[in-house]
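To start, the structure under review is shown below, and the notes come after it.
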Amino acid sequence: MNIEQIYTGCLAQGAYYITSNGEAAIIDPLREIQPYLERLEKDGVKLKYIFETHFHADFVSGHVDLAKATGADIVFGPTAETEFNSIIAKDEQIFEIGDIKIKLMHTPGHTMESSTYLLIDKDGKDHAIFSGDTLFLGDVGRPDLAQKAANMTQEQLAGHLYDSLMTKIMPLADDVIVYPAHGAGSACGKNMMKETVDTLGNQKKVNYALNQPNKEAFIEAVTDGLLPPPAYFGANVAMNKKGYQNVDEVIKTGLTALSPKEFEAAAEGTGALILDTRANGDFAKGFIPNSISIGIGGDFAPWVGAMIGDVQQPLLLVAEPGMEEEVVIRLSRVGFDNVVGYLKGGFESWTKEDREIDKVDRITPQEFESRFKPEESVVFDVRKESEYEAEHVDEAFSRPLSNLNDWIREINPKEHFFLHCAGGYRSMIAASILQSRGYRNFTEIEGGMGAIAKTNVPKTDFVCASKTMS
């Protein structure tokens with residue numbers, strides 16, 4: 001028996017590849033399936049089952065394409081409804097893969113079809129659980145995403161989640177290994193650990209949700225402090241239920257190389273949004289007017305989903321030469337399949353033709369220090385509230401990037417403000433969106449709070465960020 005966690009950092013997502021005696025199973029696969037196919041061929045095993053823990057909201061799974069390519073069965077938990085061939089399993093149904101067994105445990109709460117898969121080894125011992133979004137390390141799945149589909153409140157879903165955890169998972173032995181679907185950085189939870197594997201026994205000790213005195217306290221704890229879900233989540237759920245365009249076709253279309261002239265014509269003729277995926281420092285120095293900066297070097301796909309929202313939005317890409325395919329693949333993982341093409345030769349090809357460019361007013365933290373005037377300067381901090389509460393510039397306003405569409409309406413265009421995040425990635429996203437909507441009376445700070453903290457700009461006392469988590 002072999003278990004391999006295939007962790008994708010930019011999505012904070014774990015897929016699992018399991019083999020035993022010539023057969024294989026894959027749990028929660030990513031959308032691009034070629035690496036799985038190559039691995040199956042290399043190992044000389046046949047894929048028997050594709051297990052889905054639930055209908056994912058934060059990424060498009062590869063289950064449909066993988067089933068077509070291999071003939072494997074797709075398995076979902078009870079109550080799931082799909083528009084493609086799948087096995088809708090019963091609670092405690094057993095599936096055999098080589099010498100091992102996998103038992104589906106229906107664990108509703110995050111969603112109503114959510115299921116945890118218990119791996120039983122060849123000796124009949126409970127070995128590991130693949131807990132999906134039911135149990136994370138340090139947290140549990142948020143119970144607010146499936147309210148509309150389940151016709152329930154988040155409190156009712158949280159109650160189901162409590163029952164699932166207490167009756168199905170907590171009774172398992174402490175040495176059972178926990179393999180969750182996500183880790184720190186995912187929007188599917190609020191307090192996840194940076195580790196991606198743990199024992200159930202340790203989670204029983206350290207996970208705040210598993211240590212509530214009763215159901216009422218659990219419901220209050222897991223529903224407290226939930227941020228609004230990113231706008232693209234609903235579209236991803238629909239794609240995972242209904243199916244989607246083959247990812248190879250998506251990549252092929254997205255890799256249409258366009259000259260600057262063709263790129264400009266496409267922007268005007270398709271209504272496409274120009275997405276610039278270069279590093280934020282390069283973007284600040286020059287970009288195609290009205291471009292949105294979301295660098296491939298950060299949490300790219302989740303921020304695209306959160307800030308653009310509409311997966312049908314046509315996109316034109318500006319990328320570092322050679323990175324175009326990586327960008328298209330990462331976009332496809334979150335359902336953004338409508339990439340019209342990319343700027344051939346990157347931004348340099350645009351400047352070589354002396355075409356119009358725009359810039360962001362970016363200054364160093366030292367310049368900020370010299371210009372900052374206590375009680376006069378307006379500072380917008382676009383980090384998460386927990387980061388802001390840990391430490392911030394005195395009198396700065398908390399304006400989380402994820403809520404930009406709400407606070408942008410409060411901006412006085414006649415009043416100058418400074419803009420920063422933790423390191424420059426999120427503040428450049430905000431800066432690009434602000435400028436694309438006509439707001440220009442601001443200055444963005446290079447290096448963000450990490451650099452500001454090293455200056456003499458007055459700041460609040462630092463409080464460990466973990467103590468500010470809900």
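In this structure, the side chain of Asn338 engages the main chain of Gln312 through a donor-acceptor pair within 3.5 Å. Counting only distance, with no hydrogens or angles, the side chain of Glu32 and the backbone of Ile329 share no donor-acceptor pair below 3.5 Å.
Taking 4.0 Å as the cut-off between side-chain N and carboxylate O, Lys204 and Asp198 do not count as a salt-bridged pair. Looking at Glu387 and Arg426, a side-chain N of the basic residue comes within less than 4.0 Å of a carboxylate O on the acidic one, giving a salt bridge. In summary, Glu367 and Arg371 do not engage in a salt bridge, as defined by a charged side-chain N under 4.0 Å from a carboxylate O. Using a cutoff of 4.0 Å between basic side-chain nitrogens and carboxylate oxygens, Lys344 and Glu262 are not scored as salt-bridged. Using a 4.0 Å cut-off between charged nitrogen and carboxylate oxygen, Lys459 and Glu391 do not count as a salt-bridge pair. Salt-bridge formation is not detected for the pair Lys252/Asp248: no Lys NZ or Arg NE/NH1/NH2 atom is positioned less than 4.0 Å from an Asp or Glu carboxylate oxygen. Classification of Glu38 and Lys42 as a salt-bridged pair fails, no side-chain N sitting under 4.0 Å from a carboxylate O.
Checked by atom type, the side-chain pair Gln366/Thr455 shows no donor-acceptor distance below 3.5 Å. With hydrogens and angles left out, the side-chain atoms of Ser436 and Asn290 include no donor and acceptor closer than 3.5 Å. Between the side chains of Asp139 and Tyr208, at least one donor N or O lies within less than 3.5 Å of an accepting N or O. Side-chain atoms of Ser131 and Thr134 include no donor-acceptor pair closer than 3.5 Å. Residues Tyr17 and Asp43 have side chains that bring a donor and an acceptor to within less than 3.5 angstrom of each other.
Shown here are the side-chain contact (heavy atoms from CB on, under 4.5 Å) partners of Glu353, two or more places apart in sequence or in another chain: Pro260, Arg355.
For the ring pair (Phe, Tyr, Trp, His ring centres under 6.0 Å) with Phe380, the lone residue among Trp407, Tyr388, Phe442 that qualifies is Trp407.
Contacts classified as ring-ring contact (aromatic ring centres under 6.0 Å, His included) and involving residues 352-373 (residues at least two apart or in different chains) are given here: Phe368-Phe372, Phe368-Phe418.
At least one test fails for Arg399 against the ring of Phe417: distance under 6.0 Å to the centre or angle within 45° of the axis. In this structure, Arg31 forms no cation-pi arrangement with Phe59, as its terminal cationic atom is not both closer than 6.0 Å to the ring centre and no more than 45° off the ring axis.
In Glu41, the CD atom is not crowded: 12 or fewer heavy atoms of neighbouring residues, nucleotides or ligands sit closer than 6.0 Å.
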